[in-house]
2 protein chains.
Amino acid sequence: MEISPRRTGRPYDHSSDDRILAVTLDLLAERDYERVTLDEVAARTGKAKTTLYRRWPTKEDLVLAAVRAAGRPPEAERLPDLGSVRADLLAVLDSPWLGGPDRRLAIFAGLSSATRGSERLAEVVRSEVTEPYVEVYRRLLLRAVDRGEIAARLVASVPVLAEVIPAMSTHHLAAGRGPVRRDFFVSLVDDVVLAALQVR
Amino acid sequence: MEISPRRTGRPYDHSSDDRILAVTLDLLAERDYERVTLDEVAARTGKAKTTLYRRWPTKEDLVLAAVRAAGRPPEAERLPDLGSVRADLLAVLDSPWLGGPDRRLAIFAGLSSATRGSERLAEVVRSEVTEPYVEVYRRLLLRAVDRGEIAARLVASVPVLAEVIPAMSTHHLAAGRGPVRRDFFVSLVDDVVLAALQVR
DNA sequence: GCATTACGATACCGCCGAGTAGCGTAACGG
DNA sequence: CCGTTACGCTACTCGGCGGTATCGTAATGC
């Protein structure tokens with residue numbers, strides 16, 4: 001039941017696959033899915049278009065692979081634990097996931113527009129990107145409930161509040177209000193999430 | 001300095017312009033901007049493509065006109081005034097603006113993906129749609145501060161919180177979680193906005 | 001060396017969608 | 001009735017992009 005590698009001929013050069021996928025995400029961060037062209041991916045990576053098609057049979061597959069390769073947020077397994085919910089929430093913002101806050105949001109915007117075209121893509125984006133990201137916040141908040149930092153009767157609000165930061169920052173960008181500034185993030189944490197949970 | 005109307009020949013038939021713009025919005029609610037074709041607008045309206053181009057020189061102009069025609073939320077001038085912030089906020093949800101909650105959100109999603117392509121479009125969507133919508137919430141909340149329903153020291157949080165409902169419901173849809181259910185809206189009002197403002 | 005297969009380059013196909021042209025006809029003003 | 005202009009229709013051009021074909025060359029196993 002083992003995948004038998006080819007025995008003869010020049011082997012695939014997988015050394016630049018990561019770069020190809022990263023470039024694909026870059027483009028998605030800049031433009032609509034529809035405006036991302038394989039010609040451009042090829043140009044930016046210095047690879048031939050035929051080489052791309054040898055690995056991923058269609059454009060959709062390439063984008064899918066790029067999304068999967070982006071991976072879940074690093075905090076999914078190891079949540080920040082800095083002693084207070086507030087510190088933990090702020091720490092997530094600085095996560096290097098997807099290249100840090102700015103690129104991350106741009107990619108979110110690109111993906112969410114891409115989503116409208118393909119159900120496959122929508123499903124992968126949801127399960128590989130959006131959901132794990134929200135999950136990080138959800139777990140941080142629930143842990144704070146356990147610790148007693150958040151009143152137990154407010155547990156019911158946690159699921160909604162876990163979506164606040166991803167949703168609001170995406171919206172901020174989509175509304176064309178330029179890059180998301182740090183004080184906006186802080187305001188989301190303090191004036192929305194923690195205020196609603198009556199922390200402090 | 002007056003625009004002189006043409007004196008001879010068959011006059012424009014403007015009776016179906018509204019319908020054309022409405023159909024354009026319908027399509028934007030269903031698909032990406034890129035996937036909206038003038039052939040389809042023509043087909044659905046029963047108009048000839050040439051007729052469309054006689055009114056709006058490009059696809060972008062047609063969409064722009066559709067957005068402008070959609071108009072601001074009816075509450076922009078006459079805010080609901082039902083005696084409590086909560087009642088007012090909930091009343092906005094039921095506004096028939098853009099065809100009610102479902103169609104409205106679908107259009108939002110369509111527009112926000114369209115936005116990435118054209119700066120002109122982005123600007124119009126921001127000024128004609130997004131901003132006035134948020135403004136409704138902002139004014140409702142500020143009025144509640146005046147009335148004393150909301151503590152004065154929380155005024156600073158109002159601008160952020162005014163974005164919560166538009167942002168979260170758009171995100172909900174973009175994340176592919178199907179139509180937004182009423183209890184989700186109610187949860188936004190109660191568990192996020194009003195909780196953060198410590199109403200009740 | 002030889003068969004085999006990846007690579008880069010270029011050229012190409014097929015389709016689709018924006019925008020245009022031409023035509024017969026319909027609706028005005030004079 | 002006549003000139004003019006909108007309308008609907010069909011057919012068209014043009015450009016872009018997904019995807020393929022071909023070819024000379026490079027890298028592997030035997």
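Reminder, nothing fancy here: chain letters follow the sequence lines and each chain counts from 1. The figures here come from the full heavy-atom set of this structure, side chains too, leaving out hydrogens, waters and symmetry mates. Being a predicted model, the structure only gives us computed values, none of them experimental.
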Using a strict 4.0 Å threshold on nitrogen-to-oxygen distance, state whether [X] and [Y] make a salt bridge.
| X | Y | value |
| --- | --- | --- |
| B:R116 | B:E34 | no |
| B:R44 | B:E30 | yes |
| A:R31 | A:E40 | yes |
| A:R120 | A:D61 | yes |
| A:E131 | A:R138 | yes |
| A:D81 | A:R147 | yes |

Take the protein atom [atom1] of [X] and the nucleotide atom [atom2] of [N], then report the distance between them rounded to whole Å.
| X | N | atom1 | atom2 | value |
| --- | --- | --- | --- | --- |
| B:Y33 | C:dG17 | OH | P | 14 Å |
| A:D13 | D:dA27 | CG | P | 10 Å |
| B:R31 | C:dC16 | CZ | P | 14 Å |
| A:Y12 | C:dC7 | OH | P | 7 Å |
| A:R55 | D:dG19 | CZ | C1' | 17 Å |

A:F108 vs A:W97 aromatic rings, parallel, tilted or perpendicular, using cut-offs 30° and 60°?
perpendicular

Main-chain N/O of B:L121 paired to B:R126 side chain as donor or acceptor, under 3.5 Å:
no

Test item: B:T51 side-chain N/O and B:K47 main-chain N/O as donor-acceptor pair under 3.5 Å
no

Could you tell me which non-hydrogen atom of [X] sits nearest to which non-hydrogen atom of [Y], and how far apart they are?
| X | Y | answer |
| --- | --- | --- |
| B:L197 | B:I150 | CD1-CD1, 3.7 Å |
| A:V36 | A:K59 | O-NZ, 2.8 Å |
| B:G83 | B:D88 | N-OD1, 4.2 Å |
| A:L173 | A:P179 | CD1-CA, 4.5 Å |

DNA chain C contacts among [range], heavy-atom distance under 4.0 Å:
| range | answer |
| --- | --- |
| residues 111-125 of chain B | none |
| residues 58-66 of chain B | B:T58, B:K59 |
| residues 45-53 of chain A | A:K47, A:A48, A:T50, A:T51 |
| residues 17-30 of chain A | none |

B:D183, B:D190, B:D191 screened by side chain to side chain donor-acceptor pair (under 3.5 Å) with B:S187, the one that passes:
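Of B:D183, B:D190, B:D191, side chain to side chain donor-acceptor pair (under 3.5 Å) with B:S187 is met by B:D191 alone.
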
Tell me, which of residues 34-43 of chain A have any heavy atom that sits under 4.0 Å from an atom in DNA chain D?
A:V36, A:T37, A:L38

Do B:S15 and B:D13 have side-chain N/O donor and acceptor atoms under 3.5 Å apart?
yes

Would you say the side-chain atoms of A:E149 and A:S84 include a donor-acceptor pair closer than 3.5 Å?
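No - no donor-acceptor pair under 3.5 Å links their side chains.
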
Close N/O contacts between protein and nucleotides 26-30 of chain C (under 3.5 Å):
unit_1: C:dA26; atom_1: N3; unit_2: B:R10; atom_2: NH1; d: 3.3

What residue among B:V180, B:L89, B:D94, B:V92 forms side chain to side chain contact (heavy atoms under 4.5 Å, CB included) with B:F185?
B:V180

Taking a hydrophobic cluster as the set of Ile, Leu, Val, Met, Phe, Trp and Tyr residues connected by side-chain heavy atoms closer than 4.5 Å, whether directly or through intermediates, do A:V186 and A:Y137 fall within one such cluster?
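Hydrophobic grouping puts A:V186 with A:Y137.
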
